[in-house]
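The model shown is predicted, which means the values in this text are computed figures rather than measured ones. Note on naming: letters A, B, ... go to the chains in the order of the sequence lines (proteins, then strands), and numbering restarts at 1 for each one.
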There are 2 protein chains.
Amino acid sequence: MTDTAPRARRSDATRAAILRAARERFAADGYDRATIRAIAADARIDPSMVMRYFGSKEGLFAAAAEFDLRLPDLAGVPRDRVGEALVRHFLDRWESDDTLVALVRAASTNPGAAERMRGIFADQLGAAVTGLGGDPTGALRRAGLVASQILGLAFTRYVLRLPPVVDLTPADLVAWVAPTVQRYLTGPTPA
Amino acid sequence: MTDTAPRARRSDATRAAILRAARERFAADGYDRATIRAIAADARIDPSMVMRYFGSKEGLFAAAAEFDLRLPDLAGVPRDRVGEALVRHFLDRWESDDTLVALVRAASTNPGAAERMRGIFADQLGAAVTGLGGDPTGALRRAGLVASQILGLAFTRYVLRLPPVVDLTPADLVAWVAPTVQRYLTGPTPA
DNA sequence: GTCTATAATTCGATAGAC
DNA sequence: GTCTATCGAATTATAGAC
């Protein structure tokens with residue numbers, strides 16, 4: 001008796017191991033320094049398998065950098081707490097998943113990674129902010145400002161590892177940064 | 001009759017040309033993708049000259065990434081406008097000099113560049129913020145928060161080139177972001 | 001499906017002529 | 001001081017045996 005339905009092939013485990021190792025290496029070393037050889041070694045498989053499954057290094061990165069921000073529906077959050085909800089959500093997401101850090105690092109030097117990141121923040125964050133109402137153009141601008149603070153937090157804390165930012169607890173960070181995001185989202189447009 | 005005093009040697013021009021080309025390449029491509037060969041081609045000199053003058057690629061980067069933020073003395077600024085002064089200063093600095101963008105890109109993948117950047121922000125920005133008074137520990141934390149917003153702005157505008165952030169004028173950016181920096185600098189410590 | 005062997009580039013760095 | 005020539009290492013990617 002063989003497996004039924006989605007047919008859990010043996011290769012799926014290999015594929016998953018490669019992706020897991022790839023995300024870690026891309027997050028730790030960036031796109032250029034993360035080599036297929038090192039990723040394969042981490043995953044305990046042969047380097048040629050990576051090529052077989054993903055075609056090229058670009059293809060591997062594209063598969064490893066698939067990412068859903070899983071943003072909460074901001075319409076279901078009290079309007080004066082959307083900033084807090086967003087900051088808390090992002091911190092949770094980062095502390096538990098390397099993928100976004102890998103994207104930040106890779107986007108610094110790899111045009112494809114940068115394009116993917118622009119897409120993620122324009123589409124997913126842009127849509128969430130547009131859901132708050134207001135004119136769509138202003139919403140995109142507000143989303144961009146939110147991205148500037150959120151990504152700056154990610155850069156200083158997880159990539160640059162600036163000591164004062166690393167030392168703050170997630171709760172402290174929320175307390176300091178949430179008002180910033182709140183104002184970008186719902187504050188008045190400055191003169 | 002020969003030159004007197006500091007003796008403007010012919011090689012100084014070559015040296016300066018190399019550094020200028022290096023800053024551009026490091027800013028555009030990051031540390032790994034910026035090759036000595038490409039930098040030498042931009043500077044219209046032979047690749048081996050780079051090695052002769054700077055010893056190694058690391059040595060070249062160290063020389064090219066020398067950077068002074070030239071922060072204004074915040075003690076001479078009205079206390080309710082220090083945020084505006086800082087944001088305006090950083091924007092001016094970025095729009096006229098590639099070096100800091102080169103550092104942001106390089107710091108993503110190169111440990112030496114990251115260390116240098118931590119030093120710049122801890123020492124120079126840290127000192128400027130400490131000059132505002134208050135306890136030193138709190139000042140470093142406030143400086144770190146300012147760095148998170150300032151570097152996030154640099155990352156989204158100059159590295160990632162996120163359209164909504166690129167499209168804003170410097171004046172608009174100051175109007176939006178200055179209140180954030182002002183609060184990090186002089187606002188109350190959150191509960 | 002998995003691995004060995006290797007092709008084809010590209011890079012940083014060195015040696016040495018002029 | 002400047003350039004030619006090249007070494008040695010590392011990389012992605014391919015061809016093909018088992």
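Summarising the geometry, the separation between CZ on A/Arg52 and C1' on D/dT14 is reported as 13 Å, rounded to the nearest angstrom.
The shortest distance between the side-chain N/O atoms of B/Tyr31 and the OP1/OP2 oxygens of C/dC11 is not below 4.0 Å.
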Criterion side chain to side chain donor-acceptor pair (under 3.5 Å) on B/Thr180 and A/Gln149, from CA distance to verdict: CA-CA 10 Å; B/Thr180 295; A/Gln149 173 64 88; 5.6 Å; no

Decide yes or no on side chain to side chain donor-acceptor pair (under 3.5 Å) for A/Arg105 and B/Thr109, but give the supporting numbers first. CA-CA 7 Å; A/Arg105 268 214 163 85; B/Thr109 57; over 6 Å; no

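For A/Ile36, whose side chain is taken as the heavy atoms from C-beta onward, the closest listed nucleotide among D/dA13, C/dC3, C/dA13 is D/dA13. Of the listed nucleotides (D/dC3, C/dG12, D/dT11), C/dG12 has the atom at the smallest distance from the side chain of B/Lys57. Listed nucleotides: D/dT4, C/dG12, C/dT2. Nearest to the side chain of B/Asp46: D/dT4. In this structure, of C/dT2, C/dT14, D/dG1, it is C/dT14 that holds the atom nearest to the side chain of B/Met51. In the set C/dT2, C/dG12, C/dA13, the nucleotide with an atom closest to the side chain of A/Thr14 is C/dT2. Comparing C/dG12, C/dA13, D/dT11 by their nearest atom to the side chain of A/Thr35 picks out D/dT11.
Salt-bridge annotation for A/Glu95 and A/Arg157: present, with a side-chain N of the basic residue lying under 4.0 Å from a carboxylate O of the acidic one. With respect to A/Glu24 and A/Arg20, no salt bridge is recorded, no charged nitrogen being found less than 4.0 Å from a carboxylate O.
Among the protein residues, B/Ser48 comes within range of the nucleic acid bases, having at least one heavy atom under 4.0 Å from a base atom.
Between A/Arg33 and A/Gly55, the residue whose closest nucleotide on DNA chain D is further toward the 5' end is A/Arg33.
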